[in-house]
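Computation of the quantities below employed the complete heavy-atom set of this structure, encompassing side-chain atoms and omitting hydrogens, waters and symmetry-equivalent molecules.
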Amino acid sequence: MSASSLRVLSLIPPMTQLNTPYPSTAYLTGFLRSRGVTASQEDLALALVLQLFSRAGMQTLREHVQRIPMRQRTDCMMQFDISYERYAATIDAVIGFLQGRDATLSYRIAGRNYLPEGPRFAALDVYMDPDDPDGGDPLAWAFGALGSQDRARHLATLYLNDIADVLREAVDPRFEFVRYAESLALSQPTFEPLAKALAAAPNWVDDTLDALTREAMATHRPQLVLISVPFPGAVYAAFRIAQTIKRHWPEVKTCLGGGYPNTELRELAEPRVFDYFDYVTLDDGERPLLALMEHIEGKRGVSRLVRTFLRQDGAVRYVNMQEADVPFSEVGTPTWDGLPIDRYLSLLDMLNPMHRLWSDGRWNKLTIAHGCYWKKCSFCDVTLDYISRYETASAELLVDRIEAIIAETGQTGFHFVDEAAPPKMLKALAEELLRRKLSISWWGNIRFEKSFTPELAQLLAESGCIAISGGLEVASDRLLKLMKKGVSVEQVARVTHGFAEAGILVHAYLMYGFPTQTEQDTVDALEYVRQLFDNGCIQSGFFHRFACTVHSPVGQNPEEYGVKLVPLPKGDFAKNDVGFIDPTGTDHELMGRGLNKALYNFMHGIGLDGDVRGWFDVRVPKPKVPRQFIERALYA
């Protein structure tokens, strides 16, 4: 197609993440510019936080607190009001420090006399030296004598969380740094809760977002606005942004895309969505956007749109003319031009060296391959395009993109955001990086499969790999087989140990509540996890509760997994998570509390030699796993 004359603006809505831009707009803007389109981008999530968390923001927040009767104020509100002058005096400096603009402030913050300390600082008790529980600085054990920068960033993060708690309780009960107003969109069968929230009088957060939206529109004067929504926690703000655009610029076309509609809105039939968005597109955005721009310019009829919902004669219509997707090798190089990469905040929620990568530091995000080369896991959305369509590009092209991104951003940290980076591609990429003598630091997600030998792990480390994450899910060979993971616990132990021996940090994604999982399975899984930590195979992990989705093998063939699905409620909006009845009858909620408590401590090196039953609040069976199982697997 010929280059479009449309001006296109891509927006990141609140909330995604604060340490680095969510990559969707960078991908789209880079692609559109490669096709000659005038494309720009803005991160309204970061802009909103920087407005709220400023000296002027502290004054407004205090005004809200003081309107609340004294008897209704919570502890964090009372503490904020009493210490307001200190918050107002420190907030701009703390933000500058977290942006990397004033490293010397770390000494004052780390001294514990500079920042006001609210309820969130009670979390520091977890870092008490187990060998000296009655004395000393609790952070000294966690950071050692030379960790003033990290210590200060952790304290500054607690300080911001204290303020966020006040904002949530005094202004907007939905406010979160990540899961903002998530309940309004997470598998909501009906649009009604979101519609009511959007019709309500705007609060201070809403008004701030409205002003930022109008500023972005005035700056870029777009004719088409793309709002990329990756998570349910960005939906409410995305609709608020679209509401502002439609109120002030009704002639501008708005389009919703991203991970949320790709998974939750595939059966969208709610006409009111189109009071805010003219179009909703599914799956990879490149081909639908090319068709949509031609349509807006009058070069393509509505019946030739690709994977696009729209409203016609008051009803929702889905149009999908079959047209080949843009090959992965032709999507262009992501660009961060227009995003304020020097203003992102490096936060330190957890001190674990692997876990912190998600919130600490600015990473250039890049994809090595489209989709998943395995695409068999029974809990995964294997029927959807982002998993099922697997495509690669050459290592030479990938390193060309890496070099272009470094030239643009001046930063050499990369997070490869693949569902599961293929071993062959990683090997080729590492060899190409070494051939060009290109020095980068990178991390990404893999499957713990046997192709990742100690020799390959060493090669990846030499190419700049600092960390990898991967799904162990339920550490049980029976359940791993049922999940079709294609790995065993012993294999995971050997692969992860190989990475750790190469100096690469390892994070394990863990799961509980899978169909037919018993209390015994759960206790055994935790014992495996304890041993993996104790033997240095993994350094970090995260337990999440299994959720059955309509697009997964479990959701489509529940009888194969011994469960019955609960009929979905009637509705014409979101549809993704589906309830199920498991005759096993395990109380996963109760088990989950023990699992998460154990994992939190394991990540801080605490309790690794104890009996895992001690982490649960209820009586649970004794583990059947031999206490040296992982050790024997490694050294047999």
Side-chain angles (χ1 to χ4, degrees), residues 24 186-187 230-232 257-268 281-285 287 307 320 322 324-325 327-328 367-392 416-426 444-451 469-474 476-488 491-492 508-517 542 544-566 568 574-580 582:
S24 55
L186 185 61
S187 293
F231 318 117
Y260 175 79
N262 291 350
T263 53
E264 303 250 359
L265 301 185
R266 301 193 77 87
E267 297 179 36
L268 179 63
T281 63
L282 297 181
D283 300 327
D284 279 7
R287 181 59 70 194
R307 297 195 301 271
N320 185 19
Q322 295 301 308
D325 273 295
F328 179 65
T367 307
I368 293 174
H370 182 284
C372 178
Y373 67 98
W374 179 250
K375 55 189 174 191
K376 295 179 184 178
C377 298
S378 55
F379 53 82
C380 193
D381 292 338
V382 296
T383 60
L384 299 186
D385 178 80
Y386 80 101
I387 298 289
S388 64
R389 183 165 58 86
Y390 176 63
E391 278 187 71
T392 62
F416 298 134
V417 293
D418 299 68
E419 296 301 317
K424 285 183 181 178
M425 283 303 304
L426 284 179
N445 197 55
I446 64 164
R447 291 181 61 248
F448 293 133
E449 63 163 82
K450 60 185 178 183
S451 302
S469 58
L472 172 55
E473 317 311 346
V474 176
S476 155
D477 286 338
R478 178 184 74 83
L479 291 173
L480 285 171
K481 188 175 181 181
L482 187 61
M483 289 177 174
K484 299 183 175 69
K485 281 292 293 183
V487 299
S488 67
Q491 180 180 308
V492 169
Y509 289 108
L510 301 159
M511 182 187 294
Y512 67 100
F514 194 75
T516 72
Q517 184 174 354
F542 181 77
H544 68 274
R545 174 79 177 266
F546 168 74
C548 180
T549 70
V550 295
H551 313 295
S552 69
V554 177
Q556 300 201 338
N557 303 291
E559 64 283 351
E560 292 183 18
Y561 301 90
V563 297
K564 289 185 178 180
L565 299 186
V566 176
L568 285 165
K575 184 183 294 185
N576 189 37
D577 291 2
V578 54
F580 62 93
D582 185 344

Is there a side-chain contact (heavy atoms from CB on, under 4.5 Å) between Val578 and Val566 once you walk through the steps?
CA-CA 7 Å; Val578 54; Val566 176; 5.5 Å; no
With a 4.5 Å limit on heavy-atom distance, are the side chains of [X] and [Y] in contact?
X	Y	value
Val554	Pro515	yes
Val474	Phe546	no
Asp577	Cys548	no
Val382	Pro553	yes
Glu391	Arg389	yes
Pro422	Trp374	no
Asn557	Glu559	yes
Phe379	Phe514	yes

Check the pair Phe448 / Tyr509 against ring-ring contact (aromatic ring centres under 6.0 Å, His included), numbers first and verdict last.
CA-CA 11 Å; Phe448 293 133; Tyr509 289 108; 9.1 Å; no
Gap between atom [atom2] of [Y] and atom [atom1] of [X] - 0.5 Å precision:
X	Y	atom1	atom2	answer
Phe580	Lys564	CZ	NZ	14.5 Å
Glu449	Ile446	CD	CD1	8.0 Å
Cys372	Ile387	SG	CD1	5.5 Å
Lys484	Lys481	NZ	NZ	10.5 Å
Ser451	Lys424	OG	NZ	8.0 Å
Gln556	Tyr561	CD	OH	10.0 Å

Verify the neighbour count for atom CD of Glu267: are there more than 12 heavy atoms of other residues, nucleotides or ligands below 6.0 Å?
no
What are the two closest non-hydrogen atoms of [X] and [Y], and how far apart are they?
X	Y	result
Gly513	Gln517	N-OE1, 2.9 Å
Pro232	Leu186	CG-CD1, 3.5 Å
Leu472	Ala508	CB-CB, 4.4 Å
Leu282	Pro261	CD2-O, 3.3 Å
Leu568	Val550	CD1-CG1, 3.9 Å
His551	Thr383	O-OG1, 2.9 Å

For [X] and [Y], does a side-chain donor sit closer than 3.5 Å to a side-chain acceptor?
X	Y	answer
Ser469	Asn445	yes
Thr549	Asp381	yes
His370	Asp284	yes

As a quick check of understanding, evaluate side-chain contact (heavy atoms from CB on, under 4.5 Å) for Tyr386 and Asn262, giving each step before the final call.
CA-CA 9 Å; Tyr386 80 101; Asn262 291 350; 5.5 Å; no
So, [X] side chain and [Y] main chain: donor-acceptor pair closer than 3.5 Å or not?
X	Y	answer
Asp477	Ser488	no
Arg447	Lys485	yes
Asp582	Val563	no

What do the steps show when you test Arg307 against Asp325 for salt bridge (charged side-chain N to carboxylate O under 4.0 Å, His left out), and what is the final call?
CA-CA 11 Å; Arg307 297 195 301 271; Asp325 273 295; 2.8 Å; yes
If you apply the rule side-chain contact (heavy atoms from CB on, under 4.5 Å), what do you find for Met483 with Cys377, and how did you get there?
CA-CA 6 Å; Met483 289 177 174; Cys377 298; 5.8 Å; no
Checking Arg266 against Asp283 for the salt bridge (charged side-chain N to carboxylate O under 4.0 Å, His left out) test, could you report, in this order, the C-alpha distance in whole Å, the side-chain angles of both residues, the deciding distance, and whether it holds?
CA-CA 10 Å; Arg266 301 193 77 87; Asp283 300 327; 3.0 Å; yes
I'd like to know whether Glu264 forms a salt bridge (charged side-chain N to carboxylate O under 4.0 Å, His left out) with Lys575, so could you lay out the CA-CA distance, the side-chain angles of the two residues, the decisive distance to 0.1 Å, and finally the verdict.
CA-CA 5 Å; Glu264 303 250 359; Lys575 184 183 294 185; over 6 Å; no
Worked check of side-chain contact (heavy atoms from CB on, under 4.5 Å) between His544 and Leu510:
CA-CA 6 Å; His544 68 274; Leu510 301 159; over 6 Å; no
